[in-house]
Amino acid sequence: MAYVISDDCIMCGACAEGCPAGCISEGDGKYVIDADACLDCGACEGTCPVGAPSQA
Ligand code: SF4
Ligand code: SF4
């Protein structure tokens with residue numbers, strides 16, 4: 001499993017800075033998670049101001 005970022009993302013970049021795997025990058029209109037590299041740690045979910053990341 002991996003976390004995914006919904007369209008609620010406001011592209012603040014906080015999750016990418018805090019991700020221990022460095023697997024979050026800027027995508028088209030929202031940030032995206034590389035599912036193969038995601039450690040499923042949940043840090044992004046706790047960091048995001050709008051609750052966009054969630055477990056897939
Ligand atoms: Fe990165 Fe952890 Fe979020 Fe996966 S769950 S994208 S490893 S912060
Ligand atoms: Fe988007 Fe939330 Fe990540 Fe900010 S912390 S870039 S709003 S998913």
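In each ligand, atom 1 is the first atom listed, and ligand 1 is the first ligand listed.
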Quiz item: Hey, is there an N, O or S on Cys44 sitting under 2.8 Å from atom 1 (Fe) of ligand 1?
Solution: no
Any idea which protein heavy atom is nearest [atom], and the distance to it?
atom	answer
atom 7 (S) of ligand 1	Leu39 N, 3.2 Å
atom 4 (Fe) of ligand 2	Cys12 SG, 2.3 Å
atom 5 (S) of ligand 1	Gly42 N, 3.2 Å

Numbered atoms and elements of ligand 2 in range of [X], under 4.0 angstrom, heavy atoms:
X	answer
Cys48	2 (Fe), 5 (S), 7 (S), 8 (S)
Ile5	8 (S)
Gly13	4 (Fe), 6 (S)
Val50	7 (S)
Ile10	1 (Fe), 7 (S)

So if I count the atoms of ligand 1 from 1 in the order they appear, which ones are less than 4.0 Å from some heavy atom of [X]?
X	answer
Ala43	8 (S)
Tyr3	5 (S)
Ile33	6 (S)
Cys41	2 (Fe), 5 (S), 7 (S), 8 (S)
Ile24	6 (S)

Self-check item: Inter-residue atom distance Leu39.CG - Cys44.SG, 0.5 Å rounding
Solution: 10.0 Å
Self-check item: Note, Ser54 side chain near Val4 side chain (heavy atom, < 4.5 Å)
Solution: yes
Practice problem: Taking all heavy atoms of Cys9 and all of Ala52, pick out the closest pair and write down the distance. | Solution: N-CB, 3.8 Å
Quiz item: Is there an N/O/S atom in Cys9 that lies less than 2.8 Å from atom 4 (Fe) of ligand 2?
Solution: no
Quiz item: Under a 4.0 Å heavy-atom limit, does Cys15 contact ligand 1 with its side chain, its backbone, both, or neither?
Solution: neither
Practice problem: Mind checking whether Lys30 contacts ligand 2 via backbone (N, CA, C, O), side chain (CB onward), both or neither, at a 4.0 Å heavy-atom cut-off? | Solution: neither
